[in-house]
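Here's the structure we're looking at; comments come further down.
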There are 2 protein chains.
Amino acid sequence: MTSATPYHHGDLPRVLRAAAAEVLAERGVAGFSLREVARRAGVSHAAPAHHFGDATGLLTAVAVEGFRYLTEATRAAAASSDDPLDSLVAVGRAYVSVALDHPGHVAVAFRWDIVDVDDPDYQDWGNQAFAVLEGAIERLAAERNPDLDIGLASALCWSMVEGLLIVHLPLAAMTERKGGAAVPPIPDLAEAFTRLMVHGLAP
Amino acid sequence: MTSATPYHHGDLPRVLRAAAAEVLAERGVAGFSLREVARRAGVSHAAPAHHFGDATGLLTAVAVEGFRYLTEATRAAAASSDDPLDSLVAVGRAYVSVALDHPGHVAVAFRWDIVDVDDPDYQDWGNQAFAVLEGAIERLAAERNPDLDIGLASALCWSMVEGLLIVHLPLAAMTERKGGAAVPPIPDLAEAFTRLMVHGLAP
DNA sequence: GTTGGGTCTTGACGGCGTCAAGATCTAATC
DNA sequence: GATTAGATCTTGACGCCGTCAAGACCCAAC
């Protein structure tokens with residue numbers, strides 16, 4: 001063992017978070033169960049409680065990890081271009097890409113009813129993720145539309161991308177599953193949404 | 001009794017749907033329980049199964065009712081003005097108003113993981129609700145922007161309003177509860193979003 | 001070597017969804 | 001009007017769930 005391997009199991013909290021994200025990705029929020037998580041981690045059914053208190057605690061930890069992924073990915077995307085529009089588009093693509101790569105994490109990030117919204121880490125990383133988007137909007141406004149209400153526009157983009165994930169991602173999966181008409185990749189849809197929103201539906 | 005009062009209880013399915021919506025509104029999807037619904041309806045814990053099969057069946061029935069409310073309200077709103085922009089704005093306001101008036105119904109409408117997405121009524125009323133929005137977009141395009149991709153724009157608006165409900169509605173409730181800064185009414189926010197989207201962030 | 005505290009297990013409890021079996025009631029038939 | 005058939009609802013049971021209390025275990029410091 002290297003330096004700071006904890007007591008018995010070797011960073012059980014990390015294993016539990018990963019197992020929880022796996023269960024969430026496979027069975028959705030409705031199919032989530034603490035006991036199933038414990039089973040996959042190879043520990044007893046009451047082990048998670050010691051680290052996370054209860055189910056809400058574990059789900060909150062997963063949600064925080066999700067916000068962390070979102071923050072890091074969108075931050076890198078925002079810095080990927082000097083053109084503010086390209087930068088904003090990249091942020092949108094990065095956002096949905098994280099949701100595709102970590103479906104279990106993002107599935108709980110906005111589930112206020114099953115997460116502890118008063119958790120400091122949850123609020124902190126949630127705010128950071130939002131701040132990245134706000135920064136991208138701010139640069140767009142500075143260069144192209146100084147009169148833009150940045151708070152309103154950021155909230156709009158945030159809603160748009162979250163609605164995209166909730167409404168169209170499962171819808172696309174469903175029509176795909178049924179062999180329906182081919183559906184464009186979700187990141188492309190996010191880009192199309194972003195460009196249409198910046199341009200305006202009827203400017 | 002009038003004409004066709006059913007057998008024992010007097011339209012138990014209707015009572016169960018109402019009780020389910022009540023529980024959903026009070027405790028959220030996570031706090032939902034078939035037995036609690038049965039308790040409120042004054043019947044035994046297994047009674048709902050006879051009419052709705054299982055929990056998914058009852059939740060699907062509530063979701064269908066939600067889509068019905070959405071369809072009716074937005075249809076009336078769309079017809080409330082001859083100006084296509086005002087009409088679209090009214091549709092947006094009507095949508096979130098339904099969500100405020102029937103929180104239990106709308107809470108399950110898009111929960112693909114706990115609802116039977118193959119249910120014909122569910123698909124039918126979901127499509128009808130979407131068609132109303134699409135019609136409003138179509139009129140806007142005809143009058144002001146013939147080049148608009150109507151399917152894309154409709155999907156964007158749909159995502160926007162749904163994201164608004166999921167992200168900002170509980171967020172507003174939370175900051176309100178904590179005595180934070182006053183938050184604009186959600187229908188006003190929906191209107192601001194709509195106008196900003198039509199106009200464009202940086203046209 | 002002993003002691004202490006963090007880590008995990010075991011066992012129990014009530015609540016849940018679901019199923020099978022039976023009771024109860026309505027409506028149609030004779 | 002009595003009987004029968006079928007829909008409606010109840011009762012009881014099962015396994016799974018989250019949570020709690022108590023105890024076993026194990027590492028680390030003394």
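Order of the sequence lines fixes the chain letters, A, B, ..., with proteins taken first and strands second; residue numbering starts at 1 for each chain.
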| query | Taking only residues at least two apart or on different chains, which pairs with a member in residues 121-145 of chain B satisfy salt bridge (charged side-chain N to carboxylate O under 4.0 Å, His left out)? | reply | B/D83-B/R144
| For residues 49-58 of chain A, which residues have at least one heavy atom under 4.0 Å from DNA chain C? | A/H50, A/H51
| Between A/T71 and A/Q128, is there a donor-acceptor pair closer than 3.5 Å when you use the side chain of the first and the backbone of the second? | no
| said: Using the rule given for ring-ring contact (aromatic ring centres under 6.0 Å, His included), can you reason through B/F67 versus B/F110, listing the C-alpha separation, both sets of side-chain angles and the distance that settles it, and then say yes or no? | reply: CA-CA 10 Å; B/F67 275 139; B/F110 290 96; 5.6 Å; yes
| request: Take A/L34 and B/P13, find for each the nucleotide of DNA chain D with the closest heavy atom, and name the residue whose nucleotide sits nearer the 5' end. | output: B/P13
| task | Residues of residues 17-27 of chain A with any non-hydrogen atom less than 4.0 angstrom from an atom of DNA chain D: list those, numerically ordered, please. | result | none
| ring-ring contact (aromatic ring centres under 6.0 Å, His included) pairs, two or more places apart, involving residues 73-98 of chain B | B/Y95-B/W158
| message | When you compare the side chain of B/L189 with that of A/L152, does any pair of heavy atoms fall below 4.5 Å? | response | yes
| Given A/H105, which of A/E65, A/R17, A/R68 fulfils the side-chain hydrogen bond (donor to acceptor under 3.5 Å, both in side chains) condition? | A/E65
| request: Report yes or no: does B/N127 contribute a side-chain atom to a donor-acceptor pair with the main-chain N or O of B/Q123 at less than 3.5 Å? | output: yes
Grab the N/O contacts between the protein and nucleotides 11-14 of chain D below 3.5 Å, and write none if there aren't any.
{"from": "D/dG12", "atom 1": "O6", "to": "B/H45", "atom 2": "NE2", "distance (Å)": "2.9"}

| message | In terms of relative ring orientation, are A/Y69 and A/H102 parallel, tilted or perpendicular, with 30° and 60° separating the classes? | response | parallel
| field | Short side-chain N/O contact from B/R39 to OP1 or OP2 of C/dC16, under 4.0 Å | value | yes
| remark: In short, salt bridge (charged side-chain N to carboxylate O under 4.0 Å, His left out) pairs touching residues 158-185 of chain A with sequence neighbours left out are A/K178-B/D118
| said: Tell me if a side-chain donor or acceptor on A/N145 pairs with a main-chain N or O of B/L201 at a distance below 3.5 Å. | reply: yes
